[in-house]
There are 2 protein chains.
Amino acid sequence: MAGGISLKELAAELKLAPSTVSRALNDSYEISDATKKKVISMAEKLNYHANPFARSLRENKSKTIAVIIPERINSFFAQVMDGIEDIAQEQGYHLLVYNTHEDVEKEKKIVNLLLNGRADAIVMSVSSQTSDISHLKKLHDRGLPIIFFDRICNDIPTTKFITNDYEIAFDATKHLIQQGCKKIAFLMLSKDLSITKERQRGYLDALKDEGMEMNPAFDFYCSHVEETNVQLIHEMLTSPSKPDGILASVEKLGFATYHAIKNTKIRIPEDLKLISFSNASIAGILSPSMTTITQPALTIGHECAKLLIKKLNKPKHYDLVDQVVTIPSVITVRESTFSE
Amino acid sequence: MAGGISLKELAAELKLAPSTVSRALNDSYEISDATKKKVISMAEKLNYHANPFARSLRENKSKTIAVIIPERINSFFAQVMDGIEDIAQEQGYHLLVYNTHEDVEKEKKIVNLLLNGRADAIVMSVSSQTSDISHLKKLHDRGLPIIFFDRICNDIPTTKFITNDYEIAFDATKHLIQQGCKKIAFLMLSKDLSITKERQRGYLDALKDEGMEMNPAFDFYCSHVEETNVQLIHEMLTSPSKPDGILASVEKLGFATYHAIKNTKIRIPEDLKLISFSNASIAGILSPSMTTITQPALTIGHECAKLLIKKLNKPKHYDLVDQVVTIPSVITVRESTFSE
DNA sequence: TTGTATGCGTTATCAA
DNA sequence: TTGATAACGCATACAA
């Protein structure tokens, strides 16, 4: 829209050839300092700004990274986004952001939109509905650099950044047991999610390690509808075979548990101990405050962006090798898991 | 990057002229149905995707909207973003997202980045540090459509979407008074912010309306550093002239108040009643739950995007007239303002 | 209904 | 050190 002045016009004003002006602005070694100075000052005076689309067309790159997340109202994803943006801004990259709302159909649409090269690369965390990954394969096969974080696709050979899901879930479960829990439930989203699998494995191994029985009723699948989850958790917590400990594999299920015990006689931590993955600072102002597994969200964002931009700047020198990079989480013990 | 097939190549494959193929794909009336069908099916078969930069260069528009917000970890802004994205996605627009982190220098940099036409339009909420608005004026003068929401710039003649800041702050203050508060403090960010001014005006008028004195110490300015705010609020709440009611003009100051009373003897709502602007669903699981002023965030996002896209699609027919559109908030009364 | 030619604003190749 | 020219991929004015 807002048509500024073009390179050609700027060149005319300077009585120079467009190519000369272009080189001067790009600080080419072929151009004399005198000319560079003149060009730059005139460009500023006339408020010249290179047209990014002409440049993208010419150079076949957009200086744009697409970020796809499953939800926006989530402290973890918001922090990762902030981390990605830190690096991107510093390196002159722009961020195209898409929210799939946990909907795989929406995810497919978005991914297909990116097939045209609008973004140079993609950072994403898949939706909880994503099991068929052909749309993502297609993207990768097309040669578009793609990095996964948190909810990853193991079948796509690229670099993934996660936290130590297995270990920290193991530790969290052990923590609940140490605090006296005998019957621990595991709250999760879809079973297809990488984080579900790993965190559940950690949970189950901790139980096994302690010689505790695994009650299938305590493998608790939730939906992405908030009200339903609250309802289901409420039912579980008021049933005869109710758990005395909960490990919530994602933030919103931790919060849903607080919702579920509202207007009940269940007290945390006396009747029920709770630990949840969450990066929300408000975990500390809940009453009782909530013990959380805090993920290195900002760092994950930073690392994703750094690696991707390295790759984009020097495609020959860097590769998105097929590996999973693990950055450890930290358990912040608060009142919801106090033993007394 | 990932070089797909071009229009020319597609045309060659079809033994048609590029212009014909272009017109067929754009569903031009000049092209026969038979040709259209052939072209479309071949395009699908060969996985053709129009290069967005060539198109943007040619058409002088990018199908991209830039959104600038002051913080990402904020339920209001996150919901507005979701609202904008709903409409944008539906209308084939992409979202470039920038977080200023309440830093006006960062805001200036971002705004200057957008001077080159990378985005067709801008939706923004200014940082709390923004008082000099020359960078925004420049953008507007350049003819770039820009819309403000929530934290608006009155001096820039365009459409702004806000909630009924004055009235709802007035009502909220009245609510506190009705619940028995005698000394009400008003928590705010920078005094330059449009929302600060309006909400404070509502607060003050409510006090005046009730014949209550206005204690300047209760006009409480906060920083954007979380810890400092908690500290300052704590000091206020433990000083001899402490308030018995608080109206927090933004979410994080409401939360900061909960933080500040942790480990004190102050009880909400018995000793202190609190109402805060906030769209966070977790307001309901705080203990006591927090009375909130819920802004129509999703609707604000929708309206911003709708108006902007209307303008972009038919620049002649729509104008971003200089007016403030108000969409009312709702007070959700919870335990933090119970009278007993 | 389809084809030919041009230009959007850059950068790069080649020539001067 | 600078200038002329072509090309990126697309959409349109004009020609057929």
Side-chain angles (χ1 to χ4, degrees), chain A residues 1-40 42-43 46-64 92 115-120 142 313, chain B residues 1-40 42-43 46-64 92 115-120 142 313:
Chain A
M1 204 77 229
I5 187 183
S6 80
L7 186 70
K8 226 197 296 190
E9 295 169 300
L10 176 58
E13 200 66 38
L14 284 157
K15 295 185 204 287
L16 283 170
S19 55
T20 305
V21 176
S22 171
R23 277 180 284 224
L25 290 172
N26 290 315
D27 202 27
S28 160
Y29 67 96
E30 315 171 277
I31 302 294
S32 74
D33 282 356
T35 307
K36 278 185 193 171
K37 237 180 232 164
K38 253 194 307 196
V39 170
I40 289 169
M42 182 62 84
L46 299 186
N47 240 295
Y48 168 78
H49 296 276
N51 181 314
F53 307 116
R55 185 171 278 168
S56 290
L57 178 59
R58 184 61 229 245
E59 309 212 299
N60 203 28
K61 60 182 177 198
S62 61
K63 283 282 196 173
T64 300
L115 243 28
N116 63 11
R118 183 178 286 270
D120 293 338
R142 278 278 203 114
N313 288 345
Chain B
M1 205 78 227
I5 187 183
S6 79
L7 186 69
K8 221 195 300 188
E9 295 168 300
L10 176 58
E13 199 66 38
L14 283 157
K15 295 185 202 289
L16 283 171
S19 58
T20 305
V21 176
S22 171
R23 278 181 282 229
L25 290 172
N26 290 317
D27 201 27
S28 161
Y29 67 96
E30 317 172 275
I31 303 294
S32 73
D33 282 357
T35 308
K36 278 184 192 171
K37 238 181 231 163
K38 254 194 306 194
V39 170
I40 290 169
M42 181 61 85
L46 299 185
N47 239 295
Y48 168 78
H49 296 275
N51 181 315
F53 308 116
R55 184 172 278 168
S56 290
L57 179 58
R58 180 62 228 245
E59 309 216 295
N60 202 29
K61 60 182 175 197
S62 61
K63 283 281 196 175
T64 300
L115 242 27
N116 62 11
R118 183 177 287 269
D120 293 338
R142 279 283 205 105
N313 288 345

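Letters go in sequence order (proteins before strands), and every chain restarts at 1.
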With sequence neighbours left out, the residues meeting salt bridge (Lys or Arg N to Asp or Glu O under 4.0 Å) with A/Lys36 are A/Asp27
Which atom pairs, one a donor and one an acceptor, fall under 3.5 Å between side chains of residues 6-20 of chain B and the rest of the protein, sequence neighbours left out?
residue, atom, partner, partner atom, Å
B/Ser6, OG, B/Lys8, N, 3.3
B/Ser6, OG, B/Glu9, N, 3.3
B/Ser6, OG, B/Glu9, OE1, 3.3
B/Glu9, OE1, B/Ser6, N, 2.7
B/Ser19, OG, B/Arg23, NH2, 3.2

Side-chain N or O of B/Lys36 versus OP1/OP2 of C/dT1: is the shortest distance under 4.0 Å? no
To the nearest angstrom, the CG-C1' distance between A/Leu16 and C/dT10 comes to 17 Å
Can you name the side chain to side chain donor-acceptor pair (under 3.5 Å) partners of B/Asn26, sequence neighbours left out? none
Roughly how many Å is it from CG in A/Asn60 to C1' in D/dC8, rounded to a whole number? 8 Å
Counting only N and O atoms by type, is there a donor-acceptor contact under 3.5 Å from the side chain of B/Arg142 to the main-chain atoms of B/Leu115? yes
Pull out every residue in residues 49-57 of chain A that has a heavy atom closer than 4.0 Å to any atom of DNA chain C, ordered by number, or say none. A/His49, A/Ala50, A/Asn51, A/Ala54, A/Arg55
note: B/Ile5, atom CD1; D/dG9, atom P; distance rounded to Å ~ 11 Å
Side-chain N or O of B/Tyr48 closer than 4.0 Å to phosphate OP1/OP2 of D/dC10: yes
Among residues at least two apart in sequence or on other chains, which ones pass side-chain contact (heavy atoms from CB on, under 4.5 Å) with A/Ser62? A/Ser56, A/Thr64, A/Asp120, B/Phe53
Check nucleotides 12-16 of chain C against the protein and report each pair of N or O atoms closer than 3.5 Å, with its distance, or say if there are none.
residue, atom, partner, partner atom, Å
C/dA12, O4', A/Arg58, NH2, 3.0
C/dT13, O4, A/Arg23, NH1, 3.4

